[in-house]
Amino acid sequence: MESADLTEQNIDKIAALFPNVISETKDADGNLKKAINFTLLQQILQGDLVDGDECYEFTWAGKKQSIIDGNSPLRKTLRPCPEESKDWDKTENLYIEGDNLEVLKLLQGSYLNSIKMMYFDPPYNTGNDFVYRDNFTAAKDEYEEDVGLFDENENRLFKNTESNGRFHSDWCSMMYPRLQLARNLLTDDGVIVISIDDGEVNNLIKICVEIFGEENHLATFLWKSRQTTDSRKSTNMSIDHEYIVAFTNRQSVFSLKGNDIDKGKYTNPDNDPRGSWASIDLSVQATRDQRPNQFYEIINPITGISYPANSQRVWSKSKDVVNGMIKENRIIFPDNPSGRPREKKFLSDLRSEITGFSSWLDPKDVGYTTNGTRELSSLFEQRIFDFPKSTKLLCHIINQASTEDSIILDIFSGSATTAHAVMKLNAKDGGSRKFIMVQLPETTDEKSEAYKAGYKNICEIGKERIRKAGEKVKEEAGLNGQNLDIGFRVLKLDSTNMKDVYYGAGEYSQQMLLDLESNIKNDRTDLDLLYGVLLNWGVPLALPHTNEMIGGVKVHFVNGVDLVACFADNVNETIIREIAKRKPLRVVFRDSSFANSPDKINVTEIFKTISPETTVKVI
Ligand SMILES: C[S@@+](CC[C@H](N)C(=O)[O-])C[C@H]1O[C@@H](n2cnc3c(N)ncnc32)[C@H](O)[C@@H]1O
């Protein structure tokens, strides 16, 4: 009941490419395990290895440790919390409370290659927004040695701007493993979109290039986020923009939706049999020197009137092309000899009805930061969260980057704007996108309005936002909102459901025996165990589940018979046979469930006979 060991998975990936470099070694307990023969791998790659310590790379103090921590397994679980959820039985949305690094590790099995779009809005590292609880923040002395401030004899080696260096390194160490784990969850045609400002944009892009590959850098969008200029800086510089960095998983199989061409300007006033057309300017701003081939006179073959290019504007096409267009009656000559000929452009000639999505985000489409603040304040009737993004911005991006049934993940959920935007967009286009929000239960400041209003941590704000926003979206959607999913299942990160039962012989005592009768912690419910198994088996957490009484005990059915679980006491052979007859894909029992030892021994045999395809597990 541990999260996946990602180092082990990496070894498997190398093994798939180079089976001969797989070897064996002993772990700390003396057990044999798979390992890489690195010398052999180096020999295979001879000629293309980094020579010496100079190469093109991006690094910071603590990078190695952050990679190790990102790959190490975790003995934790997600515990369902139906009482804080909405529409628990029906919803396919998730709200997960906990540190996002740990949550991402737990989701590796259930959501591998499943998320079409991720929107991350991490702390921008402005000096007071950066909270995270990873244990890889380098200790001060370790750090100073790392960056070369001091040697082991405490001699200062070179002067570094200490606070600055520490500042960026911690942020990079926070982001790197999260992005690495997030990438595993993206579908092949998936995209990750990350908000950031000037402070860390360079570091973010460098980290993303390392994780996703330079060829997958879709764009760094520019958003004019400030509506009015800032006059507080002594430099008189007003920073009015933010960035949205987007990387695809595999650019070759990805595309944005693009924008529809404005067909309104295509009409057919002269009943041209070729269909609707638009009158397009045939000149472009350029001088004769710049485009000599486009500086000539267009002559109307009927009237003989000539229309010369001028010193500031030349024709947009060469003389030959325009003459061809005149023959095909694709040039409109003006009635007035001082006017300019124009192109008759037919709708049927457009190669696509879609035009590109600009990397410059227009405030008229996405709003400003103030839109987010106003929107949230009006929902709560007070200022409950600083600088939320607006649903206008999120809807615009999600609409472009997702399909109508995508799963959208946000691991820095904050006030849950992403969830709000997903519901809004579904209401608008009838889609069934689902969201997964992850948020640390970070406590609110006692002096804040949020705290005074009873929201003791950010998760409480996020969940309430989704409840309020969902109702509002549904109401505004009217009849269209009937099948809208405005619910969410709450799951909370907690220690594993299993007791630590791996004691050395010398560590057992008489008092422990009673406690060890069950290997499962006393406070864990059936539902806790069910979700622990879903995670462990890599089954999505939003699947519908029901339960049924069979032979007097409760049996859980996840997505029909995808997974059947029974954690009750006294499960006898009759019940096991009854479950086997349903032919489940997977079945799980609890070790202490069986009425007696023969029943426990028989379980595998019963399934082999009645439902040989079923995978059986006992926890
Ligand atoms: C910039 S805010 C996101 C705001 C959000 N986009 C909105 O519109 O409300 C970043 C959020 O990430 C959360 N956060 C920071 N570190 C985290 C972590 N390690 N795990 C989960 N959440 C974290 C913070 O508590 C904060 O709510």
Side-chain angles (χ1 to χ4, degrees), residues 66 69-70 74 76 78 94-107 118-137 170-171 173-179 181-182 193-197 199-200 204 223 225 242-244 366-377 379-380 383-398 408-422 424 435-445 448 450 455-466 468-469 491-493:
S66 78
D69 284 342
L74 178 80
K76 291 206 174 178
L78 295 177
L94 298 178
Y95 189 92
I96 306 179
E97 301 189 14
D99 177 277
N100 50 21
L101 180 69
E102 300 189 320
V103 172
L104 280 171
K105 285 187 184 182
L106 290 176
L107 298 184
M118 301 181 180
Y119 172 70
F120 291 180
D121 183 13
Y124 285 7
N125 205 4
T126 53
N128 53 15
D129 65 338
F130 184 26
V131 283
Y132 75 103
R133 297 178 184 168
D134 302 329
N135 54 14
F136 52 70
T137 312
D170 280 353
W171 191 87
S173 286
M174 187 274 289
M175 289 303 286
Y176 193 93
R178 286 166 171 81
L179 291 174
L181 290 170
V193 177
I194 311 167
S195 280
I196 200 68
D197 71 3
E200 297 292 350
L204 178 65
W223 169 40
S225 52
E242 284 188 16
Y243 304 96
I244 297 182
V366 298
Y368 301 97
T369 303
T370 47
N371 290 68
T373 307
R374 265 187 256 127
E375 185 175 29
L376 193 62
S377 302
L379 207 55
F380 280 83
R383 201 182 160 120
I384 211 93
F385 189 85
D386 287 337
F387 308 120
K389 294 290 183 289
S390 71
T391 53
K392 199 170 180 187
L393 172 71
L394 268 294
C395 283
H396 194 65
I397 297 171
I398 297 171
I408 290 140
L409 171 74
D410 179 347
I411 64 161
F412 295 95
S413 158
S415 68
T417 310
T418 305
H420 188 165
V422 166
K424 232 172 148 174
F435 60 77
I436 302 179
M437 299 287 109
V438 184
Q439 172 61 42
L440 191 71
E442 188 190 335
T443 49
T444 47
D445 186 337
S448 67
Y455 303 106
K456 302 287 182 273
N457 67 51
I458 297 179
C459 296
E460 290 175 14
I461 299 177
K463 286 177 287 185
E464 188 59 14
R465 161 67 168 300
I466 308 175
K468 284 177 185 286
L491 301 166
K492 297 187 180 185
L493 186 75

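Order of appearance sets the numbers: ligands from 1, and atoms from 1 within every ligand.
- Near Gly414, with a cut-off below 4.0 Å to any heavy atom, the atoms of ligand 1 are 9 (O), 27 (O).
- Listed by atom number, the atoms of ligand 1 under 4.0 Å from Glu442 heavy atoms are 24 (C), 25 (O).
- Distances shorter than 4.0 angstrom occur between a heavy atom of Ile411 and an atom of ligand 1.
- With a 4.5 Å cut-off on side-chain heavy atoms, Met175 and Ser66 do not count as touching.
- With sequence neighbours excluded, the residues satisfying side chain to side chain contact (heavy atoms under 4.5 Å, CB included) with Ser390 are Asn371, Glu375, Lys392, Leu393.
- In terms of heavy-atom proximity, Arg383 sits nearest to Ser377 at CA-OG, 3.9 Å.
- At under 3.5 Å, not a single nitrogen or oxygen of Tyr119, backbone or side chain, sits near a nitrogen or oxygen of ligand 1.
- Phe385 and Tyr455 have their aromatic ring centers separated by at least 6.0 angstrom.
- Taking every non-hydrogen atom of Thr417 and a distance limit under 4.0 Å, the qualifying atoms of ligand 1 come out as 7 (C), 8 (O), 9 (O).
- Within the 4.0 Å heavy-atom shell around ligand 1 one finds Arg178.
- A salt bridge is defined here as a Lys NZ or Arg NE, NH1 or NH2 lying under 4.0 Å from an Asp or Glu carboxylate O, and Asp99 with Arg178 meets this definition.
- Checked against a 3.5 angstrom limit, the closest N/O atoms of Val438 and ligand 1 fall outside it.
- Residue Phe387 comes nearest to Thr369 through the heavy atom pair CD2-CG2, 4.1 Å, listed as atom of the first residue, atom of the second, then distance.
- Residue Leu440 has at least one heavy-atom neighbour below 4.0 Å for each of these atoms of ligand 1: 20 (N), 21 (C), 22 (N), 23 (C).
- The Gly98 neighbourhood of ligand 1 comprises atoms 20 (N), 21 (C), with distances under 4.0 Å to a heavy atom of that residue.
- By the criterion of a heavy-atom distance under 4.0 Å, neither the backbone nor the side chain of Ser195 is placed next to ligand 1.
- Annotation for Tyr124 and Trp171: closest pair C-NE1, 4.3 Å, computed over non-hydrogen atoms.
- Within the 4.0 Å heavy-atom criterion, both parts of Asn100, backbone and side chain, lie near ligand 1.
- A 4.5 Å side-chain heavy-atom check between Ile96 and Leu493 finds every atom pair outside the cut-off.
- Around atom 26 (C) of ligand 1, the closest heavy atom drawn from Glu102, Gln439, Glu97 belongs to Gln439.
- A donor-acceptor contact closer than 3.5 angstrom is absent between the side chains of Lys389 and Thr417.
- Each of the following atoms of ligand 1 lies closer than 4.0 Å to a heavy atom of Lys389: 7 (C), 8 (O).
- At least one heavy atom of Ser413 sits closer than 4.0 Å to an atom of ligand 1.
- Here is the list of ligand 1 atoms found below 4.0 Å of a heavy atom in Pro388: 7 (C), 8 (O), 9 (O).
- For Gly372, the heavy-atom gap to ligand 1 stays at 4.0 angstrom or more.
- Of all the heavy atoms of Phe385, the ones lying under 4.0 Å from any atom of ligand 1 belong exclusively to the side chain.
- Side-chain contact between Thr418 and Met437 is present, with heavy atoms from C-beta onward closer than 4.5 Å.
- For the pair Ile461 and Phe380, the tightest heavy-atom approach, listed with the atom from each and the gap, is O-CZ, 3.8 Å.
- Residue contact check: Ser415 has heavy atoms under 4.0 Å from atoms 7 (C), 8 (O), 9 (O) of ligand 1.
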